[in-house]
> 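Structure below; questions to follow.
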Amino acid sequence: MDYQALLEQIHDQLRPVIGQGQVANYIPELAGVSPQHFGMAVVQLDGTVHAVGDARVPFSIQSISKLFTLVMALQCEGDALWQRVGREPSGNPFNSLVQLERESGIPRNPFINAGALVLADVLCTRYAVPETAVVDLTRKLAGHEDIHYNRRVAKSERDTAHRNAAMAYFIKSFGNLRNPVPQVLDAYCRHCAIEMNCVDLARAVTLLAHHGVLPRTGERLLSLGAAKRINALMLTCGTYDAAGDFAFSVGLPAKSGVGGGIVALVPGECGVCVWSPGLAPSGNSLAGSLALEHFTTLTGRSIF
Ligand code: GLN
């Protein structure tokens, strides 16, 4: 498969769409990002990198961090985690509060904000500085040290995190947060503010394409079962309330963020990441979703 030629073809096909959609502006620091960016990278399990456009420009990973915090929370808690977080698609926007009332403070899945607040709480219990632990994991997965969280973005989100705060206090009222809410929110906002580029992220998810073994070193970081569960959750819950449509049109496990990034993986083969900040109403990158749809159509690679 000539991935480089394929990425260039996808980039060309998408030029008319790049810039469309709405940049996330409810986090003030993200409102100024140009919607004209587009980058895409494929990293194969043997480490070969293919990249186009802005694939090496760092961006705010936002909800893609939920993937990394899930890896760590599963490492900490194992299957006991599922007593505190469900694994059903929510059928509601990622920041919705309504289900929490009906379902007694047990978030539907780890990839909505409510679920990721519980993950952040698990990490606050386990680590003195959870954001450092999460950054360390991203460095290990990406294979280099130059990954950080953006303090300005973290502060900007934290200062305006009224809805996430409401959710966290609500979850706490049901006894499903162990740590003080402000501490959990600080950690959550810092996880979301981590900056990585498409090549870093595509390489990071080769862990999941390789069933829990880091391809670069051969080290097993997740059991086979845990890797399978994370991939399943990415397929069913990874792209917000559009996960059904995403499975229909793309057919790969994927996780998106409101920074405009989407990571996906082809099991046994490669990690993929696309970034374009203009979002569709679902919160998924508009050009990014189309790029992944072209990717699976042109390669014939999907999990189906
Ligand atoms: N930091 C964002 C929030 O909590 C993450 C949302 C997202 O990327 N879907 O609202």
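Just follow the structure's listing: the first ligand is 1, and inside any ligand the first atom is 1. Being a predicted model, the structure only gives us computed values, none of them experimental.
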> Taking only residues two or more places apart in sequence or in another chain, which ones pass salt bridge (Lys or Arg N to Asp or Glu O under 4.0 Å) with E29?
R152
> Going through the distances and angles, do H11 and F38 end up as a ring pair (Phe, Tyr, Trp, His ring centres under 6.0 Å)?
CA-CA 8 Å; H11 192 188; F38 178 89; 5.0 Å; yes
> Do any nitrogen or oxygen atoms of ligand 1 lie under 3.5 Å from a protein nitrogen or oxygen, and which ones?
{"residue": "ligand 1", "atom": "1 (N)", "partner": "Q62", "partner atom": "OE1", "Å": "2.5"}
{"residue": "ligand 1", "atom": "1 (N)", "partner": "E157", "partner atom": "OE1", "Å": "2.8"}
{"residue": "ligand 1", "atom": "1 (N)", "partner": "E157", "partner atom": "OE2", "Å": "2.6"}
{"residue": "ligand 1", "atom": "4 (O)", "partner": "N113", "partner atom": "ND2", "Å": "3.0"}
{"residue": "ligand 1", "atom": "4 (O)", "partner": "E157", "partner atom": "OE2", "Å": "3.0"}
{"residue": "ligand 1", "atom": "4 (O)", "partner": "N164", "partner atom": "ND2", "Å": "2.9"}
{"residue": "ligand 1", "atom": "4 (O)", "partner": "Y188", "partner atom": "OH", "Å": "2.6"}
{"residue": "ligand 1", "atom": "8 (O)", "partner": "S63", "partner atom": "N", "Å": "3.1"}
{"residue": "ligand 1", "atom": "8 (O)", "partner": "S63", "partner atom": "OG", "Å": "2.7"}
{"residue": "ligand 1", "atom": "8 (O)", "partner": "Y240", "partner atom": "OH", "Å": "3.3"}
{"residue": "ligand 1", "atom": "8 (O)", "partner": "V258", "partner atom": "N", "Å": "2.8"}
{"residue": "ligand 1", "atom": "9 (N)", "partner": "S63", "partner atom": "OG", "Å": "2.8"}
{"residue": "ligand 1", "atom": "9 (N)", "partner": "Y240", "partner atom": "OH", "Å": "2.8"}
{"residue": "ligand 1", "atom": "10 (O)", "partner": "Y26", "partner atom": "OH", "Å": "2.6"}
{"residue": "ligand 1", "atom": "10 (O)", "partner": "N113", "partner atom": "ND2", "Å": "3.2"}

> Tell me whether R229 is salt-bridged to D79, with the criterion being a basic N under 4.0 Å from an acidic carboxylate O.
yes
> Going by the rule salt bridge (Lys or Arg N to Asp or Glu O under 4.0 Å), which residues pair with K172 if we only count those two or more places apart in sequence or in a different chain?
none
> For R158, enumerate each residue passing the side-chain hydrogen bond (donor to acceptor under 3.5 Å, both in side chains) test, keeping only those at least two apart in sequence or located in another chain.
D186
> Should N284 and T239 be marked as a side chain to side chain donor-acceptor pair (under 3.5 Å) after you check the CA-CA gap, both sets of side-chain angles, and the distance that decides it?
CA-CA 7 Å; N284 295 309; T239 43; 4.8 Å; no
